[in-house]
2 protein chains.
Amino acid sequence: MNKIRVAIFDDNALLRDSISLLIGDTDNLELVGSFPNCKQLKDNITDSNPHVVVMDIDMPGINGIEGVVLIRKFFPDIHILMQTVFDDDDRIFAALKAGASGYILKNAGSAKLLDAIVEVHNGGAPMSPSVAKKVLNQFQSGKPDSEEDFNLSAREREVLGLLVKGKSYKMIADELCISYDTVRAHMKKIYEKLHVSSMTEAVAKAINKNIFGFF
Amino acid sequence: MNKIRVAIFDDNALLRDSISLLIGDTDNLELVGSFPNCKQLKDNITDSNPHVVVMDIDMPGINGIEGVVLIRKFFPDIHILMQTVFDDDDRIFAALKAGASGYILKNAGSAKLLDAIVEVHNGGAPMSPSVAKKVLNQFQSGKPDSEEDFNLSAREREVLGLLVKGKSYKMIADELCISYDTVRAHMKKIYEKLHVSSMTEAVAKAINKNIFGFF
DNA sequence: CAGGCAATACCCGAAAAGGTGTATATTTTG
DNA sequence: CAAAATATACACCTTTTCGGGTATTGCCTG
């Protein structure tokens with residue numbers, strides 16, 4: 001029986017090494033390449049000719065999602081398993097949209113990693129329920145994404161919009177010709193409605209729930 | 001000669017009214033509908049049967065960009081002119097990608113608005129040079145967007161990533177198991193490299209220059 | 001091996017943001 | 001019409017962030 005040929009892309013050398021050892025100890029898997037970035041991705045893959053690529057989602061230079069795009073473009077038969085440190089639904093979803101077959105958390109344990117590699121090679125799609133639901137929703141209706149309604153007033157949306165563009169309270173006050181304290185009053189309401197408690201959380205939520213759509 | 005049939009979607013009643021008056025005073029234009037949101041978009045357009053739709057980019061419920069998508073889907077022959085308060089390249093670009101024909105700033109003056117309506121009806125595409133350049137770039141090379149390199153180190157990217165997810169310095173310190181002051185040290189470097197000076201600016205830039213891609 | 005850079009960590013003072021409370025006029029809505 | 005929501009504004013106080021420094025460790029490169 002032929003071994004599953006596996007290649008790894010991850011900027012963390014330690015993690016690459018430990019996966020190497022892990023795969024070396026498993027007799028139905030074979031590590032054919034281990035790379036710290038996607039700069040030579042095309043050559044790397046041509047040379048190592050893997051069945052499965054294990055790809056870190058966060059990498060300097062070309063990131064993992066862009067890596068997925070490239071692999072899909074040049075090697076459409078290769079299955080890609082994403083690895084992430086955090087369970088970041090949106091990024092994982094993006095990776096899947098780009099053509100990854102599944103994903104696994106970096107702290108999931110070695111047995112699970114090996115299982116996931118075998119699973120993607122067999123055409124499976126290891127992923128968490130929350131991501132699976134997103135994928136399902138996308139398939140069911142061509143809609144962009146969950147359109148949660150936060151009941152923001154027009155003014156609140158305006159303030160949030162400026163926030164998302166990186167403005168400070170003071171700048172927002174100037175831009176809207178209202179007092180600093182009024183901006184704060186709006187912010188309080190916005191935080192309440194979005195269930196957050198800081199500018200950055202609000203910005204992150206505004207983007208991920210695409211309150212303004214299309215970033 | 002037939003008048004150009006125009007419909008307006010804007011949540012600002014005052015602005016709707018002033019545009020109504022404006023169009024009423026112009027003899028080659030005819031206002032056939034004026035709506036505060038896109039909830040009944042399909043019926044509204046079927047009933048009013050416009051040649052040109054003037055659409056606010058920011059609206060509660062279904063936003064202007066989603067509105068564009070819907071119009072393109074059901075009424076592919078209608079030309080859409082976007083209206084925005086701010087010259088937000090990214091959103092405008094998104095609207096154009098979604099199928100809008102052009103855009104105009106809300107404070108551009110009535111004469112320009114009328115010109116723009118006529119222009120889109122005649123197949124033109126009124127837009128600012130900076131947006132035009134983006135569109136051109138997109139056409140010239142299938143690349144996602146400007147891929148500026150900010151020379152962030154792996155650690156800095158990691159910190160910025162957590163920032164974008166809405167974390168505070170303290171949370172980042174905990175998550176990365178480093179001291180609060182080290183997070184600050186990284187932040188200083190990040191701000192320097194991105195040429196910004198606040199968390200929200202950094203988040204905004206990280207997203208708009210898609211340092212992490214795919215939001 | 002010397003110099004540069006990344007990562008770590010600490011200090012200080014100033015500025016910004018956040019939490020809570022109060023208040024008033026207007027608009028919307030049941 | 002009365003109640004609720006919105007937009008405006010101020011006060012007081014705490015926490016967080018920002019902009020300067022300074023310093024050590026380790027790694028990579030010329």
Side-chain angles (χ1 to χ4, degrees), chain A residues 11-14 17 36-37 58-61 149-206, chain B residues 11-17 36-37 58 60-61 85 149-206:
Chain A
D11 60 317
N12 184 335
L14 214 68
D17 290 348
N37 58 58
D58 261 332
M59 271 183 296
D149 190 5
F150 294 97
N151 277 318
L152 294 177
S153 72
R155 199 58 156 171
E156 283 157 6
R157 286 175 62 88
E158 205 169 353
V159 171
L160 183 55
L162 292 171
L163 206 71
V164 168
K165 290 178 69 181
K167 306 289 174 75
S168 70
Y169 287 11
K170 211 176 277 182
M171 291 160 115
I172 294 174
D174 285 352
E175 201 139 329
L176 300 183
C177 295
I178 54 181
S179 89
Y180 173 85
D181 283 290
T182 303
V183 175
R184 293 190 57 223
H186 288 306
M187 293 304 299
K188 284 172 215 170
K189 274 292 189 187
I190 292 170
Y191 286 176
E192 207 178 286
K193 289 180 179 178
L194 300 194
H195 307 295
V196 298
S197 55
S198 75
M199 284 175 89
T200 38
E201 276 185 283
V203 170
K205 194 143 194 170
Chain B
D11 61 315
N12 186 332
L14 213 71
L15 214 133
R16 278 206 314 281
D17 290 348
N37 59 56
D58 262 333
V85 179
D149 190 5
F150 293 98
N151 276 321
L152 294 177
S153 72
R155 198 56 157 173
E156 284 156 6
R157 284 176 63 88
E158 205 168 354
V159 172
L160 183 55
L162 292 172
L163 205 72
V164 167
K165 289 177 68 182
K167 306 289 174 75
S168 70
Y169 286 12
K170 211 176 274 183
M171 292 162 116
I172 294 173
D174 285 351
E175 201 140 328
L176 300 182
C177 295
I178 55 179
S179 88
Y180 173 85
D181 283 291
T182 303
V183 175
R184 294 193 57 223
H186 288 306
M187 293 304 298
K188 285 173 208 171
K189 273 294 193 185
I190 292 170
Y191 286 175
E192 207 178 285
K193 288 180 179 177
L194 299 195
H195 306 296
V196 298
S197 53
S198 74
M199 284 175 88
T200 37
E201 275 185 285
V203 169
K205 195 144 195 172

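Per chain, numbering begins at 1; letters A, B, ... match sequence-line order. Everything quoted here is computed from the prediction, not taken from an experiment.
Phosphate contact (OP1/OP2 of D:dA5, side-chain N/O of A:Lys193, threshold under 4.0 Å): absent. Between A:Ser153 and D:dA7 there is a side-chain N or O to OP1 or OP2 distance below 4.0 Å. Contact annotation: B:Ser198 does not reach the phosphate of C:dA16 (side-chain N/O to OP1 or OP2, under 4.0 Å).
Atom-to-atom, CG of B:Asp11 to P of D:dT6 comes out at 14 Å; the value is rounded to the nearest Å. Separating the NZ atom of A:Lys189 from the P atom of D:dA5 is a distance of 7 Å, rounded to the nearest angstrom. When the C1' atom of C:dA6 is taken as reference, atom CD1 of B:Ile178 falls 12 Å away, rounded to whole Å. Between B:Met199 atom CE and D:dT16 atom P the separation is 11 Å, expressed in whole Å. Following rounding to the nearest Å, A:Leu176 (CG) and D:dT8 (P) show an atom-to-atom distance of 8 Å. In this structure, the CD atom of A:Glu156 is 13 Å from the C1' atom of D:dT8, given to the nearest Å. Straight-line distance from the CD atom of B:Glu192 to the P atom of D:dG21: 12 Å, rounded to whole Å. Between the P atom of C:dA17 and the CD atom of A:Glu201 lies a distance of 16 Å, rounded to the nearest Å.
A heavy atom closer than 4.0 Å to some atom of DNA chain C occurs in B:Ser179, B:Asp181, B:Thr182, B:Arg184, B:Ala185, B:His186, these being the qualifying members of residues 179-186 of chain B.
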Give me, pair by pair, the N or O atoms of the protein and of nucleotides 22-29 of chain D that are less than 3.5 Å apart, along with how far apart they are.
none

Report task. Starting at the 5' end of nucleotides 24-30 of chain C, put B wherever the base has a protein heavy atom under 4.0 Å, S where only the sugar-phosphate does, and a dash everywhere else. Result -> -------

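B:Ala204 and A:Lys165 make their closest contact through CB-C, 3.9 Å (heavy atoms, listed as atom of the first residue, atom of the second, distance). For the residue pair B:Ser198 and A:Gly166, the shortest heavy atom distance occurs at OG-O, 4.3 Å. Across all their heavy atoms, A:Ala206 and A:Val164 have their closest contact at CB-CG2, 3.8 Å. Heavy atoms only, all atoms of each residue included: A:Lys193 and A:Ser153 are closest at NZ-N, 3.9 Å. B:Glu156 and B:Ile190 make their closest contact through O-CD1, 3.4 Å (heavy atoms, listed as atom of the first residue, atom of the second, distance).
Side chains of A:Leu160 and A:Arg157 form no contact here, defined as non-hydrogen atoms less than 4.5 Å apart. Using a 4.5 Å heavy-atom cutoff, the side chains of B:Leu176 and B:Leu162 are in contact. The shortest side-chain heavy-atom distance between B:Leu163 and B:Met187 falls under the 4.5 Å cut-off. A:Arg184 places a side-chain heavy atom less than 4.5 Å from the side chain of A:Asp181. Taking 4.5 Å as the limit, some side-chain heavy atom of B:Ile178 sits within range of a side-chain heavy atom of B:His186.
Both B:Arg155 and A:Met187 lie close to DNA chain C; mapped to their nearest nucleotides by heavy-atom distance, the more 5′-ward contact belongs to B:Arg155.
The SG atom of A:Cys177 lies 13.0 Å from the CD1 atom of A:Ile172; values are rounded to the nearest 0.5 Å.
A:Lys205 places no side-chain N or O within donor-acceptor distance of the main-chain N or O of A:Val196, the cut-off being under 3.5 Å.
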